[in-house]
Amino acid sequence: RIVGYLSAASVRAECLSNMPGTNPLRSWKRGAWNNTDGWPVSVTHGFARMWFGRGTRVWASGSDNFTSFAGGTEADKAISGRLGIGSPEAIRWLGFTQHLVIGTKTREFLGLGNTNNEAVGPTNFQTIPSQNEGGSNIMPAVVPGSILFVHRTRRKLVQLTSDPKSVSETAYVAVDLNRLSSDLVKNNIVRVAVQHEPERRVFVVLDSGVCHVLLFRREEEVVAWTTVKTDGHIEDDSVVPQND
């Protein structure tokens, strides 16, 4: 425990437990997350790992060990990767369907294994470009098989889902959910939440205090918008599951 400051290279300390040795280390490295370099801007869960993103980098915890970031080549060790195209913009959001999905200002990336024969791990992970929509820094909503994210203009909701016309599992399509109601969202979107029962509804809060609701049944080709009627100013929304 540091108890006194002497200089930039020397402090006074007290020992709280027996030290295994007293030989100083000459080599060390600052952690990837700190007040100088920055902290993760988004987090998600998938492949039995916790994923964190910042800048052009993604990190994943050890498999089924969300607090461990121990390095190594074994399949259950932590992962550290980068977006693999040139110098893309910084990561704005993370989500997970059957792959890790990474959103930046102008495009979306998929994080997946180099091969399907092995589990995703330190030596079996890559990022590949998917779509070119671009998103905002608002956390997306996850529905079965899809991710709903706020477009970079913050005036429309985009569905990223697997392409049903493709045989490739890494083929995705981006669907503008406001295409038939482009004049509905007149202010910036600030929050998105999903209600799954009794009908799947997506609540979209605008910075004007208005909340629009999307009745969303893509499998039945039902995409219909309405507006919450209230005398108040809505600032946030949250969905809490109940037994009924």
Side-chain angles (χ1 to χ4, degrees), residues 32-33 39-85 88-105 107-131 133-150 157-164 166 168-175 192-196 200 202 216 218-219 238-239 241:
W33 308 344
W39 299 86
V41 299
S42 188
V43 61
T44 192
H45 170 263
F47 296 131
R49 301 172 184 269
M50 290 296 292
W51 293 85
F52 302 81
R54 186 205 69 210
T56 59
R57 295 187 63 183
V58 290
W59 298 268
S61 70
S63 179
D64 287 323
N65 191 350
F66 302 151
T67 61
S68 172
F69 289 87
T73 58
E74 295 87 351
D76 62 343
K77 295 300 184 180
I79 298 173
S80 177
R82 291 183 181 273
L83 300 184
I85 291 290
E89 299 88 357
I91 293 170
R92 290 189 162 189
W93 57 265
L94 299 178
F96 193 88
T97 54
Q98 61 206 32
H99 303 104
L100 175 68
V101 184
I102 306 165
T104 71
K105 182 180 179 180
R107 60 176 28 181
E108 291 72 49
F109 294 81
L110 301 181
L112 66 163
N114 301 314
T115 172
N116 294 328
N117 299 328
E118 303 176 19
V120 170
T123 61
N124 186 37
F125 178 74
Q126 63 175 330
T127 59
I128 60 174
S130 177
Q131 297 296 303
E133 290 292 330
S136 70
N137 56 2
I138 297 171
M139 278 297 295
V142 179
V143 299
S146 299
I147 289 181
L148 308 182
F149 67 90
V150 180
L157 197 64
V158 179
Q159 177 195 17
L160 188 70
T161 187
S162 298
D163 186 351
S166 175
S168 173
E169 66 174 12
T170 61
Y172 280 69
V173 293
V175 181
V192 178
V194 177
Q195 168 189 306
H196 292 278
R200 189 177 303 136
V202 184
F216 183 75
R218 174 58 66 181
E219 63 274 15
S238 181
V239 175

Output the distance between atom CG (Leu110) and atom CD (Gln131), rounded to the nearest 0.5 Å.
8.5 Å
According to side chain to side chain donor-acceptor pair (under 3.5 Å), does anything in residues 117-126 pair up with another residue at least two apart or in another chain? List the pairs.
Thr115-Asn117
Enter the distance from Leu94:CG to Ile102:CD1 here, rounded to the nearest 0.5 Å.
6.5 Å
Please answer whether the main-chain N or O of Ala32 pairs with a side-chain N or O of Arg54 as donor and acceptor at a distance below 3.5 Å.
yes
Interatomic spacing from CZ in Phe47 to OG in Ser63 - rounded to 0.5 Å:
11.0 Å
What's the separation between atom NE2 in His99 and atom CG in Leu160, rounded to the nearest 0.5 Å?
11.5 Å
Residues Asn114 and Phe125: closest non-hydrogen pair is ND2-N, 3.4 Å
Between His196 and Pro241, is any pair of side-chain heavy atoms under 4.5 Å apart?
no
Without hydrogens or angle criteria, can the side chains of Glu108 and Ser130 be said to hold a donor-acceptor pair below 3.5 Å?
no
Heavy-atom side-chain proximity of Val101 to Phe149 below 4.5 angstrom
no
Is the shortest side-chain heavy-atom distance between Arg200 and Val194 below 4.5 Å?
yes
Looking at Arg82, is its backbone amide N or carbonyl O close enough to the side chain of Thr127 to form a donor-acceptor pair, meaning the two atoms are under 3.5 Å apart?
yes
Listed partners of Thr97 passing side chain to side chain donor-acceptor pair (under 3.5 Å), at least two apart
Tyr172
Backbone of Thr161 reached by a side-chain donor or acceptor of Ser146 within 3.5 Å
no
Tell me the closest heavy-atom pair linking Ser68 and Ala78, and the distance in Å.
O-CB, 4.3 Å
Heavy-atom pair of closest approach, residues Ala193 and Val239:
CB-CG2, 4.0 Å
Do the side chain of Arg49 and the main chain of Ser61 share a donor and acceptor less than 3.5 angstrom apart?
yes
Going by heavy atoms in the side chains, are Met139 and Ser42 under 4.5 Å from each other?
yes
How would you list, by chain and number, every residue that makes a side chain to side chain donor-acceptor pair (under 3.5 Å) with Ser80, sequence neighbours excluded?
Arg57
Phe69 pairs by ring-ring contact (aromatic ring centres under 6.0 Å, His included) with which of Trp51, Trp33, Trp59?
Trp33
Hey, which of Leu100, Val142, Val58 is the one that makes side chain to side chain contact (heavy atoms under 4.5 Å, CB included) with Thr44?
Leu100
Side chains of Ile79 and Val120 in contact at under 4.5 Å (non-hydrogen atoms)
yes
Is the shortest side-chain heavy-atom distance between Leu148 and Val158 below 4.5 Å?
no
Any side-chain heavy-atom pair of Val202 and Val192 under 4.5 Å:
yes
